[in-house]
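Here's the structure, in structure tokens; my notes come after.
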Protein chains: 2
Amino acid sequence: MVDDEPQIVRALRINLSARGYAVLTAHDGTAALKAAAEGKPDVVVLDLGLPDVDGTEVIAGLRGWTSVPIIVLSARTDSTDKVEALDAGADDYVTKPFGMDELLARLRAAVRRSAVAEGEDAVVQTASFTVDLAAKKVLRDGVEVHLTPTEWGLLEILARNRGRLVAQRQLLQEVWGPQYAKETHYLRVYLAQLRRKLEPEPSHPRHLVTEPGMGYRFEL
Amino acid sequence: MVDDEPQIVRALRINLSARGYAVLTAHDGTAALKAAAEGKPDVVVLDLGLPDVDGTEVIAGLRGWTSVPIIVLSARTDSTDKVEALDAGADDYVTKPFGMDELLARLRAAVRRSAVAEGEDAVVQTASFTVDLAAKKVLRDGVEVHLTPTEWGLLEILARNRGRLVAQRQLLQEVWGPQYAKETHYLRVYLAQLRRKLEPEPSHPRHLVTEPGMGYRFEL
DNA sequence: GGGAGGCGTCAAGACCACGTCAGAATCGGC
DNA sequence: GCCGATTCTGACGTGGTCTTGACGCCTCCC
């Protein structure tokens with residue numbers, strides 16, 4: 001929730017919290033990008049009239065590394081503003097003053113959509129282990145394998161893109177945040193840990209394959 | 001495009017066609033559901049005030065079997081209508097009168113979203129091998145061929161421009177960077193490697209063809 | 001017939017990326 | 001405030017990749 005008007009932030013926070021949403025707030029664009037990188041929200045509600053940076057800049061900054069739904073709030077009814085924001089990557093545009101129930105409905109729609117997009121085949125099986133994406137569990141020989149949050153984050157992205165090469169940048173940005181895009185060393189360390197826990201022969205991985213210089217691939 | 005007012009249908013059809021969209025129209029809910037099932041549209045623009053069935057019914061009828069983006073048009077500004085439509089499964093809600101450029105922007109946003117969700121796989125096939133551009137994979141006789149990053153970079157550009165001549169300058173600049181625009185030797189070395197890995201007769205290439213003095217061409 | 005330029009081939013050295021390990025720093029729960 | 005779990009950081013050996021040079025072939029032009 002990004003807005004520089006305290007009363008709007010307050011009203012939204014109360015309404016959203018009451019409905020079971022966890023709310024992170026930021027009052028300017030810089031703080032918003034930082035909070036998004038750290039908090040990994042499921043949805044962003046963004047006011048366009050921020051004190052420090054232009055709203056479309058914030059959208060671009062987010063879209064560089066995440067496809068989280070963005071709902072833009074704005075007092076400007078001018079259609080060029082709407083077009084700019086939407087083309088920059090926003091998902092929806094609501095003009096102030098807005099009805100709380102409408103915003104909530106649009107929020108539900110945005111969340112529902114991204115949930116559907118993620119919802120494909122919740123279980124991924126290989127010859128050696130099973131990944132349950134919905135339950136966030138990994139089974140090996142029938143017994144559950146414990147993964148740390150970071151390990152799971154990596155495995156989840158790879159499993160969702162099974163068969164496809166996932167670039168190092170993408171993994172780093174989605175697990176650690178956009179400012180870690182070059183810390184490829186992290187990947188080596190955590191891939192080694194995942195292999196030790198999941199691969200039959202960790203030093204000759206069959207499922208978590210490295211493509212040198214490019215990224216990693218989850219092979220079934 | 002579902003609406004019972006001919007002038008709106010007409011205006012939208014003209015605008016959308018001019019921008020390269022193919023447009024299917026229906027003037028009531030029953031026809032809309034039929035047309036959607038047959039035409040498999042990429043996006044539905046739906047007016048709520050239809051003569052035969054209620055708008056939310058149409059949404060529900062679509063959502064029963066497809067997750068195609070639905071943009072609702074309506075003259076009703078009442079917020080309960082919006083909430084109902086969005087909660088029924090609509091993706092966006094635009095009130096009449098609306099600006100054409102805004103609607104187009106919302107259309108683009110909806111299409112963009114569903115394109116990301118599908119993650120379309122672009123595959124290029126030849127008689128000898130298959131290039132999967134999304135997965136970054138090359139298959140030859142069913143087995144995967146390992147390519148280095150530079151080899152892949154070259155092949156990707158050639159495959160994306162299949163059938164067309166790609167200039168040496170362009171290849172060098174896009175793979176190695178602008179300062180390497182004259183290092184044609186690199187091309188010879190790497191084209192030879194690609195041919196050795198992919199061509200049935202590397203010394204008589206059928207798919208990775210040299211156009212002397214000009215560049216290279218990917219033939220299917 | 002000879003030369004020049006473009007091309008293909010091969011091989012070797014420099015260099016970079018990867019995997020691995022272990023210790024330090026940090027986080028989170030009690 | 002402590003302790004275990006987790007994450008971060010550094011050093012090292014290794015293998016693969018990129019670069020570079022040498023050489024021979026071909027075609028086109030003189």
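A, B, ... follow the sequence lines: proteins, then strands. Residue 1 opens every chain. As the structure is a computational prediction, the values presented were derived from the model and not from experiment.
One atom, OH of A:Tyr186, and another, P of C:dA17, lie 17 Å apart when rounded to the nearest Å. The separation between B:Leu154 atom CG and C:dG8 atom P is 12 Å, rounded to whole Å. We find that CZ of A:Arg188 is positioned 13 Å from C1' of D:dG13, with the value rounded to whole Å. Taking atom CH2 on B:Trp152 and atom P on D:dC18, their separation rounds to 14 Å, with Å as the unit. Here D:dT17 presents its C1' atom at 9 Å from CD of B:Gln193, a figure rounded to the nearest Å. Protein atom OH of A:Tyr190 is 18 Å distant from nucleotide atom P of C:dC18, rounded to whole Å. The distance between atom NE2 of A:His146 and atom P of D:dA5, rounded to the nearest whole Å, is 9 Å. Whole-Å rounding puts the A:Arg195 CZ to C:dC21 C1' distance at 15 Å.
Closest approach to the B:Pro149 side chain among C:dC10, D:dT17, C:dC18 is made by D:dT17 (side chain taken as heavy atoms from C-beta onward). Nearest to the side chain of B:Thr210, among C:dG19, C:dT9, C:dG8, sits C:dG8.
Mapping A:Leu187 and B:Pro205 onto DNA chain C by nearest heavy atom places B:Pro205 closer to the 5' end of the strand. Nearer to the 5' terminus of DNA chain C, by closest-nucleotide assignment, is the contact made by B:Gly215 (compared with the other of B:Gly215 and A:His185).
Side-chain contact between B:Asp42 and B:Val68: absent, with no pair of heavy atoms (C-beta onward) separated by less than 4.5 Å. B:Arg106 is listed as a side-chain neighbour of A:Tyr93, based on a closest heavy-atom distance under 4.5 Å. Contact annotation: the side chain of A:Leu158 approaches that of A:Tyr216 to within less than 4.5 Å [non-hydrogen atoms, C-beta and beyond]. By the 4.5 Å heavy-atom criterion applied to side chains, B:Leu48 and B:Arg76 are not counted as neighbours.
Between B:Trp176 and D:dT19 there is a side-chain polar atom (N or O) within less than 4.0 angstrom of OP1 or OP2. For the pair B:Ser203 and C:dG8, the criterion of a side-chain N or O lying under 4.0 Å from OP1 or OP2 is not met. Within the structure, every side-chain polar atom (N or O) of A:Thr184 is placed at least 4.0 Å from both OP1 and OP2 of C:dA17. Here B:Thr150 reaches the OP1 or OP2 of D:dC18: one of its side-chain N or O atoms lies under 4.0 Å away. Considering only side-chain N and O atoms, A:Thr148 lies nowhere under 4.0 angstrom from the phosphate OP1 or OP2 of D:dA5.
Within 6.0 Å of OH on A:Tyr21 lie more than 12 heavy atoms contributed by other residues, nucleotides or ligands.
B:Tyr216 comes within 4.0 angstrom of sugar-phosphate atoms only, judged by non-hydrogen atoms across all strands, and of no base. Within 4.0 Å (heavy atoms only), A:Gln168 reaches sugar-phosphate atoms of the nucleic acid but no base atom.
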